[in-house]
Amino acid sequence: MDSKTLVVNALTKVVPEEITSEQLTNLIEKPKSSDLGDFAFPTFILAKSLHKAPNMIAEELVAQIDQSGFEKVVNTGVYVNFFLDKASFADNILHTILSKQADYGDQDEGKGGNVPIDMSSPNIAKPMSMGHLRSTVIGNSIAKIITKLGYKPIKINHLGDWGTQFGKLIVGYKTWGSKEDVEKDPINNLLKYYVRFHSEAETKPELDDEARAWFKRMEDGDEEALSLWKWFRELSLSEFQKVYDRLGVTFDSYNGEAFYNDKMDDVIKTIQDKGLLEESRGAEIVDLSDLDLSPALIRKTDGATLYITRDLAAAIYRKNTYNFVQSLYVVGSEQAEHFKKLKAVLKMMGYDWSDDIHHIEFGLITANGKKLSTRKGNVILLQNVLNDAVDLAKKQIEEKNPNLKDKDEVAEAVGVGAVVFHDLKNERRDNFDFNLEEVVRFEGETGPYVQYTNARALSILRKAGKNDFADAKDLALADSEAWDTIKMLQEFPEIVSRAGAKYEPSVIAKYSLKLAKSFNQYYAHSKILTEDSGLNARLALVKSVSIVLQMSLALLGVKAPEEM
RNA sequence: GUCACAGUGGCUCAGUUGGAUAGAGCAACGGUCUUCUAAACCGUAGGUCGUGAGUUCGAAUCUCACCUGUGACACCA
C-alpha cells in the first residue's frame with residue numbers, strides 16, 4: 001500500500017460517511033515544509049456539515065485516528081498532519097531503487113506506440129545557432145522521457161534543404177566565392193555569400209531575379225544547379241554532425257524539405273478532390289475563416305508550393321510510414337498559427353489523427369533584446385558558445401582539481417552540460433535573452449551543480465569500497481536529516497510522467513536541482529562514512545541518489561562525469 | 001487593429017488540481033576547508049505576486065476590465 005492510501009484509510013474511518021475516499025484523496029495535500037508532516041488534511045469542507053470550527057474538527061479527528069502505522073498524527077490549526085514511519089518508508093524505497101537501478105521510474109503508458117518528433121531542423125548552408133539548440137535539446141530530452149514512459153520516439157531532423165534561399169546561395173557562390181574557400185570553411189563562407197547577397201540585393205534587385213532563376217533550375221532538375229545543391233547539403237550535414245556529436249544527439253531520419261518534393265502533388269489532388277481548394281487573389285488556398293484563421297496557402301500565384309503544403313505532405317507521410325500514436329513538432333512558438341492551420345486542414349481532409357499532432361512550442365532567444373537574424377548576419381554560433389563553456393570548465397578544473405585524469409573529457413561534459421541544462425531548466429515557452437555569463441555559469445542552479453553532487457556521491461562510494469546494496473537487509477534509515485531526500489527519491493516516477501504529459505524537460509531539470517540540493521544539505525551535515533549500524537543504509541541512500549541523479553541528467557541529455 | 005503568450009524581491013526564475021508565515025539561484029554582506037571533492041554548506045538583508053474589481057471560508061493561482069512587453073496575422077520557413 002502506498003503511503004497516501006494509508007492516510008486516506010485512516011481518515012475514512014473518522015470522517016462523516018458522505019465523504020468518499022476518492023474525495024479524501026483529492027483533498028489531501030503535501031505540506032510545504034517537513035515540520036508539518038508528510039501529508040495534511042484541511043478540515044474546511046467539514047465545517048459546514050458539522051457546524052463546528054475547522055480547528056476544533058482537526059483536534060477531534062486527531063483524537064479519533066488510529067495512529068499505528070504512523071510516526072505520529074497531530075493537528076496544527078485547521079490541519080491534520082500525518083508523519084509517516086520513516087524507517088519502513090526508507091527501507092521500502094531504497095530497496096526499490098537499488099533493485100531496479102536504471103529502470104526505476106519506467107512506465108508503460110505508451111505501450112510501444114510510435115511518436116515521430118520533428119526536431120532540430122537547421123537550414124542547410126547556415127550555421128547552427130542558439131535557436132536550433134533549443135529545438136534539438138528539447139526534442140532529444142522529450143524523446144528520452146517518453147521512452148521511459150513506454151513510447152517509441154522517432155527523431156526526425158526535418159532539414160531546411162530546399163527553397164529559394166538556395167538560388168541566392170548559388171548566385172552568391174558564383175559571384176563572390178570559390179571552391180577552395182568553401183572547402184576550407186564551408187558553413188562560414190556559405191553564410192558570408194548569403195549575407196552579402198542580402199546586403200547587395202537591396203541596391204541591385206536584379207540579383208533576386210537571378211536567384212529565382214537558379215532555384216527554378218533546381219526545381220526543373222538542372223544538373224549544375226542540383227549538383228551544387230547536393231554539395232552544399234553534404235558539407236553542411238557533416239558540419240552539423242560535429243555539433244550533434246558534442247550534444248550526444250542522434251536521429252532516426254534526415255528527411256528534410258527536399259524529401260517531400262515529389263509528394264505534394266498527391267496532397268494537393270486530395271485537397272482538390274475533397275472540394276477544399278479555392279482560388280483567391282490568383283493563389284490556391286483552403287479557406288479557414290470558420291475557424292478564425294487566415295487561409296492556408298497551398299499554391300502561390302506562380303504555381304509554386306509553400307511551407308504548409310510540404311508540411312501536409314510530411315504529416316501524411318509520417319502517418320502512413322509510422323502509424324504514430326502522437327506526432328510532435330518541436331518548433332518555436334512564433335509558428336503556433338501555422339500548426340493550427342496544419343491541423344485544421346488535415347481535419348477537413350478527414351484525417352481524425354490530426355488530433356494526435358502536437359506543436360511543442362518554445363520561446364524565442366534574443367541577443368541584447370533583438371531577434372536573431374541569419375540574413376543580417378547577427379547570429380550566436382552554437383559551436384562558439386560550446387567552446388567558450390568548455391574552456392571555462394577546463395579553467396575551473398585546473399584551479400580546483402588539477403590532478404584529475406581525463407581533464408579534457410570532463411571539461412567537455414561539464415561545459416556542454418552547462419549549456420544544455422541552462423536551456424532546459426526553464427519552462428520551454430519562456431523567451432530568454434542570451435547572456436554568455438549566465439549560460440556558462442557553474443554555480444548555483446546549474447547543470448554542473450547536479451553533476452558535481454553526483455560526482456561527490458560516487459566519490460563516497462569509492463571510498464567506502466562498496467557499490468552493491470541491493471541485497472542489503474536493513475535499509476531502515478530513520479535519520480530525519482535524510483528524510484527530505486528520501487521522500488524526493490520516491491517522487492521520481494511521478495516526476496517523469498508529469499514531464500512526459502506536459503512535454504516539459506524543465507520538470508526533470510528542476511527536480512534534479514531539488515534532489516541535488518537536498519542531498520548536499522544532508523551530506524554537509526551528516527557524516528556518512530562512520531562505522532556504525534547505520535552505515536549500510538546511509539551508503540544505500542548515497543547510491544540511490546546517484547542512480548536517480550544520473551538518470552535525471554541522462555533524460556536531459558547531459559553527461560554525468562564520475563569525477564570532476 | 002485582431003489573436004496568442006507573458007508580467008512574482010536589483011537580476012534570472014520556482015510555485016501539481018485555489019489552501020497553513022509566497023520559495024530558489026545569481027548579485028550584496030557575514031560565517032564554514034587538519035576530518036567523505038568549498039563547482040559545496042550555513043546565516044543576514046531584500047517582495048503591495050502589473051493595476052482595479054469579482055467568485056470563495058480561503059486567490060500569485062479562477063473570471064472580467066485595463067496597463068505593459070513579446071510574437072503571429074496571404075504568396076519566407
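The sequence lines fix the lettering, A, B, ..., with proteins before strands; numbering per chain opens at 1. Please read all numbers here as calculations on a predicted model, not as lab measurements. Quick note: numbers below take in every heavy atom, side chains included, and nothing from hydrogens, waters or symmetry partners.
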Select one nucleotide: of [options], the one nearest the side-chain heavy atoms of [X].
X: A/Ile528; options: B/rA74, B/rA40, B/rC36; value: B/rC36
X: A/Glu427; options: B/rA39, B/rC57, B/rG15; value: B/rG15
X: A/Glu443; options: B/rC41, B/rA40, B/rG15; value: B/rA40
X: A/Pro448; options: B/rA39, B/rU37, B/rA20; value: B/rA39

Using the [atom1] atom on both, measure [N] against [M] and round to a whole Å.
N: B/rU32; M: B/rU51; atom1: C1'; answer: 45 Å
N: B/rG71; M: B/rG15; atom1: C1'; answer: 26 Å
N: B/rG23; M: B/rC76; atom1: C1'; answer: 44 Å
N: B/rG46; M: B/rC64; atom1: P; answer: 37 Å
N: B/rG31; M: B/rA38; atom1: C1'; answer: 13 Å

Determine whether any donor atom in the side chain of A/Arg498 lies under 3.5 Å from an acceptor atom in the base of B/rU16, or the reverse, and answer yes or no.
yes

Has the side chain of A/Asn520 got a donor or acceptor that lies under 3.5 Å from a partner of the other kind on the base of B/rA39?
no

Please determine, for B/rC62, whether a Watson-Crick or G-U wobble partner exists with both distances under 3.5 Å, and give it or none.
B/rG54

Pairwise ring-ring contact (aromatic ring centres under 6.0 Å, His included) hits with a residue in residues 413-442 of chain A, at least two apart
A/His422-A/Phe432

Within 45° cone of A/Phe259 ring axis and under 6.0 Å: A/Lys263 NZ or CZ
yes

Give me syn or anti for B/rC13, where syn covers glycosidic angles within 90 degrees of 0.
anti

Check A/Gln451 against A/Gly417 and note the closest heavy-atom contact, atom names and distance.
NE2-CA, 4.3 Å

Distance-only donor-acceptor check, side chains A/Asp433 and A/Thr366, under 3.5 Å
yes

